[in-house]
Amino acid sequence: MYPDLKNKVAVVTGASSGLGKAIAQRFAKEGIKVVVNYLTEEDKPEIMIEEIKAKGGEASKIQGDVSQEHDVKKIIDFAIDTYGTLDIMVNNAGIQAEIPTEELSLESWNKVISTNLTGCFLGSREAIKYMLDHKIKGTVINMSSVHQEIPWPHFAHYAASKGGIKLLTETLALEYAPNGIRVNNIAPGAIDTPINAEKFTDPEAKKAVLDLIPMGYIGKPEEIAACVAWLASSEASYVTGMTLFADGGMTQYPSFQSGKG
Ligand code: NAD
């Protein structure tokens, strides 16, 4: 737990499921006032918010599509109107779809790029603009992936979006370091969330993923939320422009694990 996080205000995008939900729940436990952004299925964040409030936490929900400039402004304005400020922006919303590149339509390409990469740009820009105007030494955390590093056939749009997030994060970190605004990136490996639900119900596909993880298990959303909480806290006060890989060793060349090579 990080006492300095108590009473801070955070926005978490795509927070009605998976990693975003775990981050919102962890933030609420830390005493952060959390704005839960969701795209569809209003009842899911509603249930989570009721649970958070029952435990003495504070959270509110706002619908919005992170790829749309107007919606992102609406989400940030909602946080400020509801809780009076904004200290932490987590650009978590993301999508993926398996499509061989020769069949990848411009529409599918644009959908993934505009949600994953443009969504991070818009969320970062709006949060940073507010922090600058109000001299807030806030922090932005973007949700990337091991695929900012590992090429992924059939997921060219996804890998390109995550590679873009890496340099977006590094550039913003450099640009706003003099203002005390930290911008960092989390790169999860394979985590047990709805984005992987179909793959993990197929035992063969699940084993193929497990074979790529030196630590031998699929990560839990709470393990990523713990990284986000640390990056948001003052314990990470000198950390900016970094990618924190939380991947059970997936990026450490697992095929060399048995001493081969
Ligand atoms: P998820 O599908 O549970 O969560 C994604 C969330 O984003 C959903 O709640 C969805 O409604 C929301 N969303 C989608 N498009 C949106 C839009 N346009 N505007 C607002 N919200 C939108 O999956 P997850 O695993 O929790 O994914 C969260 C993030 O983590 C994504 O950026 C994903 O790329 C990244 N990630 C996940 C894994 C993993 O193994 N689960 C690994 C690496 C990176």
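All values below were derived from every heavy atom in this structure, side-chain atoms included, with hydrogens, water molecules and symmetry-related copies excluded. Counting starts at 1 for both ligands and their atoms, following the listed order.
Residue-environment remark: NZ (Lys8) stays at or below the threshold of 12 foreign heavy atoms within 6.0 Å. The environment of NZ in Lys137 is sparse: at most 12 heavy-atom neighbours from other residues, nucleotides or ligands sit within 6.0 Å. Within a 6.0 Å radius of NZ in Lys111, no more than 12 heavy atoms belonging to other residues, nucleotides or ligands are found.
Listed by atom number, the atoms of ligand 1 under 4.0 Å from Gly18 heavy atoms are 3 (O), 26 (O). Heavy-atom contacts of Met143 reach the following atoms of ligand 1: 29 (C), 30 (O), 35 (C) (cutoff under 4.0 Å). Heavy-atom proximity to Asp65, at under 4.0 Å, picks out these atoms of ligand 1: 17 (C), 18 (N), 19 (N).
Taking all heavy atoms of Ala22, Gly14, Gly64 into account, the minimum distance to atom 20 (C) of ligand 1 is reached by Gly64. Considering each of Ala190, Ser144, Gly20, Gly94, the one bringing a non-hydrogen atom nearest atom 44 (C) of ligand 1 is Ser144. Comparing Ser16, Gly119, Ser17 by heavy-atom distance to atom 4 (O) of ligand 1, the nearest is Ser17. With atom 39 (C) of ligand 1 as the reference point, the heavy atom nearest to it among Thr40, Thr118, Leu19, Asn196 is part of Asn196. Atom 38 (C) of ligand 1 has its nearest heavy-atom neighbour, among Ala93, Ser161, Gly189, in Gly189.
Listed for the Lys73 side chain is no donor-acceptor partner under 3.5 Å among the backbone atoms of Leu122.
Between Trp152 and Phe155, the angle of the ring planes stays under 30°, which puts this pair in the parallel group of the 30/60° scheme.
In terms of protein heavy-atom proximity, atom 27 (O) of ligand 1 is nearest to Ile195 CD1, 4.1 Å. Closest to atom 16 (C) of ligand 1 among all protein heavy atoms lies Leu39 CD2, 3.6 Å. The nearest heavy-atom contact from the protein to atom 36 (N) of ligand 1 is Tyr158 OH, 3.7 Å. Nearest protein heavy-atom contact of atom 43 (C) of ligand 1 is Pro188 O, 3.4 Å. Regarding atom 15 (N) of ligand 1, its nearest protein heavy-atom neighbour is Thr115 CG2, 3.5 Å.
Protein heavy atoms come within 4.0 Å of atom 33 (C) of ligand 1.
The side chain of Lys162, and not its backbone, has at least one atom closer than 4.0 Å to an atom of ligand 1 (non-hydrogen atoms only; side chain from C-beta on). By the criterion of a heavy-atom distance under 4.0 Å, the side chain of Thr193, and not its backbone, is placed next to ligand 1. Contacts between Asn92 and ligand 1, counted as non-hydrogen atom pairs separated by less than 4.0 Å, involve both the backbone and the side chain. Residue-level proximity to ligand 1 for Ile95 is carried by the side chain, the only part with a heavy atom below 4.0 angstrom.
When all heavy atoms are compared, the tightest approach of Ile191 to Phe200 is O-CE1, 3.7 Å. Shortest non-hydrogen contact noted between Ala28 and Val34 is N-CG2, 3.8 Å.
Of the candidates Asn184, Thr169, Asn185, Thr169 is the only one forming a side chain to side chain donor-acceptor pair (under 3.5 Å) with Asn142.
Note that the CD1 atom of Ile75 and the CD1 atom of Ile80 stand 12.0 Å from one another [nearest 0.5 Å].
Hydrophobic cluster membership is shared by Tyr2 and Met242, with clusters built from Ile, Leu, Val, Met, Phe, Trp and Tyr side chains linked at under 4.5 angstrom. The hydrophobic cluster containing Val112 does not contain Leu19, counting ILVMFWY residues as joined when their side-chain heavy atoms lie under 4.5 angstrom apart, directly or transitively.
Taking any N or O of Val66, backbone or side chain, at least one lies under 3.5 Å from an N or O belonging to ligand 1.
No side-chain heavy atom of Phe78 sits under 4.5 Å from any side-chain heavy atom of Val11.
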